2 protein chains.
Amino acid sequence: MVEAQVDRFFEVLADPTRRQVVQLLGEGPRRAGQLAVATGASSPAMSRHLRILLEAGLIADERVPDDARVRLFHLNPEPVVAVQAWLDQVQAHWRDNLGAFKRHVETREKR
Amino acid sequence: MVEAQVDRFFEVLADPTRRQVVQLLGEGPRRAGQLAVATGASSPAMSRHLRILLEAGLIADERVPDDARVRLFHLNPEPVVAVQAWLDQVQAHWRDNLGAFKRHVETREKR
DNA sequence: ACAATAGTTAACGAATGAGTGAACTATTGC
DNA sequence: GCAATAGTTCACTCATTCGTTAACTATTGT
């Protein structure tokens with residue numbers, strides 16, 4: 001996984017609407033129209049968000065057999081894992097000293 | 001942890017220079033000048049990035065006893081954990097079916 | 001054939017955000 | 001006291017990005 005890709009993932013996830021889309025697609029595949037309604041975005045706006053998410057590789061689309069007008073979008077697992085890996089790496093140092101950090105965080109349940 | 005904060009974290013992390021800063025501060029505390037050199041940013045540019053990171057709560061600063069001109073910056077653990085929590089939640093559905101996704105990811109050790 | 005549905009594309013305007021140069025504050029060393 | 005160091009703030013410019021309206025393609029239903 002290239003660093004430039006992680007760069008792009010963060011840029012793409014900076015937009016609240018797109019993060020909402022990612023969140024919704026985490027639950028399962030959705031159509032463009034559904035995503036527009038759920039997020040309160042207009043059709044053109046959603047269309048562009050989806051294109052950006054597609055080009056970044058965060059999501060992918062499938063055609064449904066019954067209605068050729070509809071595209072079903074679903075989440076790609078890899079990018080989410082890549083972003084988590086980056087955060088893990090940032091954490092690495094203070095996570096491994098299970099002194100200062102562990103005391104620091106154990107007030108809240110993690111995971 | 002409020003959703004609006006996670007919103008802000010992603011916005012702040014969208015900038016490559018600021019992600020570099022976060023990465024460097026993950027290794028340990030650094031001074032503003034060190035961060036400027038390491039990232040190739042100018043002093044004013046770095047100063048602004050640090051202010052943004054401070055206001056978002058991603059980092060904090062300490063004064064060093066010997067030289068009062070110097071501010072040492074260090075990373076706050078909570079925001080990183082919060083972003084990871086968000087990503088975990090997105091993953092939740094396909095992570096819990098330890099079928100498709102587990103096969104998908106088990107090439108890399110996760111935690 | 002025609003209307004409705006699903007979605008995309010293009011052109012425009014407004015807002016946001018990042019970097020720069022110049023001026024400024026505060027502290028340290030001589 | 002004065003120069004150097006460390007860093008911040010301000011005013012400005014440039015580019016990017018987001019949403020909207022309007023027009024368009026493709027498909028389905030009657």
Side-chain angles (χ1 to χ4, degrees), chain A residues 4-25 28-75, chain B residues 4-25 28-75:
Chain A
Q5 273 183 298
V6 179
D7 265 42
R8 189 63 192 142
F9 294 155
F10 271 103
E11 283 171 29
V12 166
L13 291 174
D15 185 271
T17 305
R18 286 196 290 264
R19 266 204 320 292
Q20 257 187 285
V21 169
V22 165
Q23 203 161 11
L24 287 162
L25 294 186
R30 298 279 189 279
R31 317 172 17 169
Q34 291 178 307
L35 294 168
V37 171
T39 60
S42 66
S43 291
M46 179 52 63
S47 192
R48 196 149 61 106
H49 284 308
L50 290 171
R51 185 161 47 80
I52 289 169
L53 285 162
L54 280 167
E55 284 171 357
L58 273 157
I59 65 173
D61 66 316
E62 348 154 19
R63 295 281 173 184
V64 299
D66 18 314
D67 192 336
R69 290 172 300 183
V70 175
R71 291 166 79 184
L72 263 191
F73 295 91
H74 63 90
L75 200 58
Chain B
Q5 275 182 298
V6 179
D7 265 42
R8 188 66 191 140
F9 295 156
F10 270 104
E11 281 171 31
V12 166
L13 291 175
D15 183 89
T17 303
R18 286 195 291 263
R19 266 204 320 290
Q20 259 186 284
V21 169
V22 166
Q23 202 161 12
L24 288 162
L25 294 186
R30 297 279 190 281
R31 318 172 17 171
Q34 292 178 307
L35 294 168
V37 171
T39 60
S42 68
S43 290
M46 178 53 61
S47 192
R48 195 150 62 106
H49 284 309
L50 290 171
R51 184 162 47 81
I52 290 168
L53 285 162
L54 281 166
E55 283 170 358
L58 272 156
I59 66 174
D61 65 317
E62 347 155 21
R63 295 280 174 184
V64 298
D66 18 313
D67 192 335
R69 290 173 298 183
V70 175
R71 290 167 78 184
L72 263 192
F73 296 91
H74 64 90
L75 200 58

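Remember, it's a predicted structure, so these values are computed and weren't measured experimentally. Each chain gets a letter, A, B and so on, in the order its sequence line appears, and its residues count up from 1.
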Colleague: Between R69(A) and L54(A), just flag the one whose closest nucleotide in DNA chain C comes earlier from the 5' side.
Modeller: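 The residue closer to the strand's 5' end, by nearest nucleotide, is R69(A).
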Colleague: If we ignore hydrogens and angles and just use 3.5 Å, is the side chain of S47(A) paired with the main-chain N or O of S43(A) as donor and acceptor?
Modeller: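 Answer holds: no.
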Colleague: With a 4.5 Å cut-off on side-chain heavy atoms, are F73(A) and L54(A) touching?
Modeller: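 Yes - at least one pair of side-chain heavy atoms lies under 4.5 Å apart.
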Colleague: Could you write nucleotides 15-24 of chain D as a row of B, S and -, 5' to 3', where a protein heavy atom under 4.0 Å of any base atom gives B, of only sugar-phosphate atoms gives S, and otherwise -?
Modeller: ---BBBBB--
Colleague: Keeping the roles fixed (side chain from R30(B), backbone from L25(B)), state whether a donor-acceptor pair exists under 3.5 Å.
Modeller: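 No, R30(B) side chain to L25(B) backbone: no donor-acceptor pair under 3.5 Å.
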Colleague: Mind checking which nucleotides bracket the chain B contacts on DNA chain C, 5' to 3', with an atom under 4.0 Å from a heavy atom?
Modeller: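 It runs dA18(C) to dT28(C).
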Colleague: For L75(A) and L58(A), work out which heavy atoms get closest and say how close.
Modeller: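 Scanning both residues completely, I find the closest heavy atoms to be CD1-O, 3.5 Å.
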Colleague: Would you find a donor on one side and an acceptor on the other, under 3.5 Å apart, between the side chain of R19(A) and the backbone of L13(A)?
Modeller: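 Between the backbone of L13(A) and the side chain of R19(A) there is a qualifying donor-acceptor contact (under 3.5 Å).
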Colleague: Treating R18(B) as the side-chain partner and V12(B) as the backbone partner, does any N or O pair qualify as donor plus acceptor under 3.5 Å?
Modeller: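 Between the backbone of V12(B) and the side chain of R18(B) there is a qualifying donor-acceptor contact (under 3.5 Å).
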Colleague: Hey, can you pull the residues of residues 31-40 of chain B with a non-hydrogen atom under 4.0 angstrom from DNA chain D?
Modeller: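 Correct list: R31(B), A32(B), G33(B).
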Colleague: Heavy atoms only: give me the nearest A36(B)-S42(B) pair and the separation to one decimal.
Modeller: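 So the two residues come closest at CB-O, 4.4 Å.
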Colleague: At under 4.0 Å between heavy atoms, what does D61(A) touch on the DNA or RNA strands: base, sugar-phosphate, or nothing?
Modeller: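 D61(A): no heavy atom of the nucleic acid under 4.0 Å.
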Colleague: Can you tell me how far the CG atom of D61(A) sits from the CG atom of L72(A), to the nearest 0.5 Å?
Modeller: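 Going from the CG atom of D61(A) to the CG atom of L72(A) covers 9.0 Å.
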Colleague: Quick one: pull up CZ in R8(B) and CD in Q5(B) and give me the separation to the nearest 0.5 Å.
Modeller: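 So the gap between those two atoms works out to 11.5 Å.
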Colleague: Could you tell me whether a side-chain N or O of Q34(B) sits under 3.5 Å from a main-chain N or O of R31(B), the two making a donor and an acceptor?
Modeller: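 Yes, the answer is positive, given that a donor and an acceptor are paired below the 3.5 Å cut-off.
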